[in-house]
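Numbers here simply count residues along the sequence, with the first being 1.
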Amino acid sequence: MAYEFAFPDVGEGLTEATIVRWLVEVGDPVGLDDVVVEVETDKAVTEMPSPRAGVLLHRGGEPGDVIAVGEVLMVIGDEGETWSPPAPAAAGTAAPIVGTLDEGDAPLAPVGGGPQALPRVRKLAAELGVELAAVAGSGAGGRITEDDVRAAAGADERVDRVPLSATRRAIAARMEQSWREIPHVTTYGEADAGALLAARRELAAASGDRVPLEALLIGAVLPALRAHPEFNASLVGDTLLLRRHYDVGVAVDTPDGLLVAVVRDAEARDAAGLAAEVTRLATAARDRALRPDEMRGATFTLSNIGAVGGRFGTPLIPLGTTAILSVGRADPSPAVVDGELAVVRRFPLSLSYDHRLIDGALGRRFLAAVIEGIESARGRQA
């Protein structure tokens, strides 16, 4: 008997995903837990396995289609079996409700018939001035997709309309929420980079491997976090939770946007262990292979914008934390050292923190502790 597999909620608050790639064609056999399709969810590409052994009878969309939680993603049946989607209810006849649609979505078409489109697609069509009745739907069952609407709107315009990926939509939503809910303050400073860069060279020579700068920076920041627990915390209602573990988020630049991978229990790792874990996470992030739990639960975040040529910035605080440190590129610059003019390399530092919990004086004390940690890095790593 055919098994209708509805797309599940595979992440916190997930309402939809984009189909990336089918690994099985309709009519092909599949085994239990064989990967059938890849979907792009919140910041990750997730493999969806077959819920039973059998034959793939139906695909709930094609690459690029958006599927909502609760919609049929695939149908698995027996050899020789056929399956057809239920016929739409006639006008005036109540249809059974199958699954749920996100955020108040209504039926695909008004009572009495009409173009098949979700409310968000109708809203987009109204914004772009597209008449849905004149659009041919390319989605499952003739459904009109957002891409169909954008293609219709772009036919008479000299613009390229590029739909946001699920990753970019998730980033945009979280950045907007962070900026809306957290009163940000950013303070700036500089740290002599000599000791930390020397420690990096020594560690690389000893291990024979490339050492990511973030590994040394995490080690340099940990003493400041221990001394100032307000920066390794989260605000829940009227309660400040001071974390006694240090799960440091590391921002990774990927082709799909900036992802934050989490180094668990950073305080329990030595410099070599931090280097290995940061390297592993960064590789997984760029390969879209991070697990959901490897992108959640950071207690403090470090962003090495120097890796892409940046210096100072105004980093946004990730939700659920109280602070983020951005470290810029340490370019050689003139400075007075012990009364003499010299050329030195300094890290530009930008610290953003939640002003509801941390005032300016505490922010400066924490940044001073970070600078001390960076400038004494060589001694600790030796």
Side-chain angles (χ1 to χ4, degrees), residues 6-11 13-23 25-26 36-46 48 58-74 85 88 98-177 179-180 253-259 288:
F7 180 57
D9 182 348
V10 296
L14 178 73
T15 60
E16 64 182 19
T18 301
I19 295 174
V20 176
R21 180 170 68 113
W22 287 94
L23 285 75
E25 298 295 329
V26 172
V36 177
V37 61
E38 295 176 347
V39 297
E40 184 181 20
T41 62
D42 183 0
K43 294 193 175 182
V45 173
T46 300
M48 304 301 299
H58 172 75
R59 305 198 306 197
E62 294 306 314
D65 286 349
V66 174
I67 185 165
V69 169
E71 291 185 331
V72 175
L73 175 62
M74 68 181 86
V98 180
T100 58
L101 297 175
D102 60 318
E103 299 182 317
D105 277 342
L108 293 177
V111 174
Q116 298 285 312
L118 289 171
R120 63 175 178 270
V121 178
R122 296 179 181 278
K123 179 182 178 182
L124 178 64
E127 292 172 351
L128 299 180
V130 172
E131 178 58 50
L132 284 177
V135 178
S138 64
R143 185 180 72 187
I144 298 173
T145 68
E146 293 183 357
D147 286 347
D148 296 332
V149 172
R150 291 189 177 94
D156 299 322
E157 298 182 31
R158 288 182 156 180
V159 296
D160 292 326
R161 297 185 180 274
V162 181
L164 294 181
S165 68
T167 298
R168 180 51 62 184
R169 291 198 304 271
I171 292 172
R174 288 178 175 170
M175 291 299 97
E176 181 182 3
Q177 185 181 357
W179 186 250
R180 183 175 64 247
D253 182 41
T254 78
D256 298 290
L258 195 70
L259 303 182
R288 301 304 304 273

- Could you go through the side chain to side chain contact (heavy atoms under 4.5 Å, CB included) check for Asp65 and Thr18 one step at a time? CA-CA 6 Å; Asp65 286 349; Thr18 301; over 6 Å; no
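- Contact check on Arg122 versus Glu146 returns no salt bridge, with no Lys/Arg side-chain nitrogen under 4.0 Å from an Asp/Glu carboxylate oxygen.
- Taking 4.0 Å as the cut-off between side-chain N and carboxylate O, Glu16 and Arg169 count as a salt-bridged pair.
- Without hydrogens or angle criteria, Trp179 side chain to Arg174 main chain gives no donor-acceptor distance under 3.5 Å.
- The minimum heavy-atom distance between Gly70 and Ala6, with the atom names listed, is O-CB, 3.6 Å.
- Of all heavy-atom pairs spanning Val72 and Ile67, the tightest one is O-CD1, 3.6 Å.
- Residues Ala17 and Val39 approach most closely at CB-CB, 4.2 Å, considering heavy atoms.
- Annotation for Leu164 and Arg168: closest pair CD2-CG, 3.6 Å, computed over non-hydrogen atoms.
- Under the 4.5 Å side-chain criterion, counting only non-hydrogen atoms from C-beta, Pro163 is in contact with Asp147.
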- Query: Does the pair Val149 and Ile144 meet the rule for a side chain to side chain contact (heavy atoms under 4.5 Å, CB included), with working shown?
  - Reply: CA-CA 7 Å; Val149 172; Ile144 298 173; 3.9 Å; yes
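- Annotation: the span from Ile171 atom CD1 to Leu259 atom CG amounts to 6.0 Å, rounded to 0.5 Å.
- The minimum heavy-atom distance between Arg59 and Glu25, with the atom names listed, is NH1-OE1, 3.5 Å.
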- Message: Would Arg288 and Thr167 count as a side-chain hydrogen bond (donor to acceptor under 3.5 Å, both in side chains) here? Give the steps.
- Response: CA-CA 10 Å; Arg288 301 304 304 273; Thr167 298; 3.0 Å; yes
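- Considering only heavy atoms from C-beta on, Thr46 stays 4.5 Å or farther from Glu38 through its side chain.
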- Test log, rule side chain to side chain contact (heavy atoms under 4.5 Å, CB included), inputs Val37 and Leu23: CA-CA 6 Å; Val37 61; Leu23 285 75; 5.6 Å; no
- Applying side chain to side chain contact (heavy atoms under 4.5 Å, CB included), run through Arg150 and Leu124 and close with a yes or a no. CA-CA 8 Å; Arg150 291 189 177 94; Leu124 178 64; 3.8 Å; yes
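- Taking every heavy atom of both residues into account, Glu71 and Val66 meet most closely at OE1-O, 4.3 Å.
- Note: Ile19 CD1 to Phe7 CZ = 9.0 Å, rounded to the nearest 0.5 Å.
- Contact annotation: the side chain of Met48 never approaches that of Val36 to less than 4.5 Å [non-hydrogen atoms, C-beta and beyond].
- Checked by atom type and distance alone, the side chain of Asp148 pairs as donor or acceptor with a backbone atom of Ser138 at under 3.5 Å.
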